[in-house]
Amino acid sequence: PIYDFAQKIGSDKIELTRMLPDGAEVHHWEPSSKDIAQLEQADVFLYNGLGMEHWVEDILSALQSDRLLVVETAKGAALLPADDAEHADNDEHDHGEYDPHTWLSPQNAKKQMESIKNAFIQADPANAETYQSNYEKYAAELDKLDGEFRAELESLYKRDVVVTHRAFAYLCNAYGLRQVGLEGVSHESEPSPDQLGEAIRFIRDNGISTVFYEQSGSDAVAKAIAAETGVKTAPLSTLETLTEKQQAAGDDYFSIMRQNLAAIKEALQ
């Protein structure tokens, strides 16, 4: 998402490189020496922060660049605590105090875009007007998207969004929904039989129709629960990575967030 926002704000005035390769798992990826050399030549480095890119501090402290403008875009966003931390398995990457998936709230995305715009103006004042007008255009788009989510979701009676990976707190919190995460489930960890039983009971007791899995992850846990309960499974995207299909379709933040909205609305109706 940070790459997408930077592209929108910078348009043809910047030369943009995305460090994370297609299909890479953001929580495990490490930059190569080539990536670090490229970073030393850059004017601006944008990242999300809040532990999403676990390698950042080590790399930045070793960089030999005194002109690099470093921007943690999630600074200034309205933060939610990471409920994952209390369930983290030893082998699970612990993000720290806050949930890092800030951009899944359109209003937070707007704050992050603003941080990017300010950085570009600071690094390249000659093109300040372009960055400012691009920002204003997309800030209005984000307000429109926010309005769509509100209008589509506010009248729905059901409010529980059941997910296998608790990455959607910002999205749920913004629209009065409740994220119900299957305990202890991250990308890597399998739920214990007890946790699975608890999830199945919750689904039966609360008339849940759909279990969501992360689009870029595995649907195995969701399918196992569906087999027991007869519910549907459906993907939700964190936007951390795009599927090949989404790339081919030219999807971006807005189109994928609208896909998420349609999926949630269908599940809660």
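This structure is a prediction, so every number in the text was calculated from the model and none was measured. Side-chain atoms are counted along with the backbone in the values below, which use heavy atoms only and exclude waters and symmetry mates.
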State the [atom1]-[atom2] distance between [X] and [Y], to the nearest 0.5 angstrom.
X	Y	atom1	atom2	value
I208	K158	CD1	NZ	7.0 Å
T210	I264	OG1	CD1	10.5 Å
Q64	L39	CD	CG	12.0 Å
S237	Y253	OG	OH	10.5 Å
E40	D66	CD	CG	10.5 Å
T73	N108	OG1	CG	10.0 Å

Determine the interplanar angle of the F149 and Y175 rings, folded into 0 to 90°, and report it as parallel if under 30°, tilted if 30 to 60°, perpendicular if over 60°.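 If you compare the ring of F149 with that of Y175, the planes turn out parallel.
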What is the ring orientation for F254 with Y138, classed by angle as parallel under 30°, tilted 30 to 60°, or perpendicular over 60°?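 Plane angle under 30°, so parallel.
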In terms of side-chain heavy atoms, does [X] have a donor or acceptor partner in [Y] at a distance below 3.5 Å?
X	Y	answer
S32	D35	yes
Q107	D146	yes
Q259	Q215	no

W29 versus W55, closest heavy-atom pair with distance: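 Smallest interatomic distance, heavy atoms only, reads O-CD1, 3.4 Å.
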Per the salt bridge (Lys or Arg N to Asp or Glu O under 4.0 Å) rule, what does the pair list look like for residues 113-127, sequence neighbours excluded?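 The answer is none; no pair qualifies.
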Give me each pair satisfying salt bridge (Lys or Arg N to Asp or Glu O under 4.0 Å) with a member in residues 248-269, each pair once, sequence neighbours excluded.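 Every salt bridge (Lys or Arg N to Asp or Glu O under 4.0 Å) pair that includes a residue of residues 248-269, provided the two are not neighbours, is K8-D252, E148-R258, E152-K265, K232-E266.
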Please confirm whether the backbone N or O of P100 pairs with a side-chain atom of N48, one donor and one acceptor, at under 3.5 Å?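 Yes; judged by distance alone, with no hydrogens or angles, the pair exists.
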Any side-chain to backbone donor/acceptor pair from S115 onto K111? Under 3.5 Å, distance only.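 Between the backbone of K111 and the side chain of S115 there is a qualifying donor-acceptor contact (under 3.5 Å).
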Out of curiosity, does I2 fall in the hydrophobic cluster containing L68 (side-chain heavy atoms, cut-off under 4.5 Å, transitive links)?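 Hydrophobic grouping puts L68 with I2.
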Check the hydrophobic clustering (I, L, V, M, F, W, Y; side-chain heavy atoms under 4.5 Å; chains of links allowed) and say if V161 and I256 are grouped together.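 Yes, V161 connects to I256 through the hydrophobic network.
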Given D205 and R201, is the salt bridge (Lys or Arg N to Asp or Glu O under 4.0 Å) satisfied, shown in steps? CA-CA 6 Å; D205 292 349; R201 266 195 306 280; 5.9 Å; no
Measure the shortest side-chain to side-chain distance between [X] and [Y] over non-hydrogen atoms and say whether it is less than 4.5 angstrom.
X	Y	answer
F212	P235	no
M52	V56	no
L104	M257	yes

Evaluate whether atom CD of Q269 has more than 12 neighbouring non-hydrogen atoms of other residues, nucleotides or ligands under 6.0 angstrom away.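 Yes - once you tally the heavy atoms of other residues, nucleotides and ligands closer than 6.0 Å, there are more than 12.
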Could you tell me if the ring centre of F5 sits under 6.0 Å from that of Y3?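 No, ring centres 6.0 Å or more apart.
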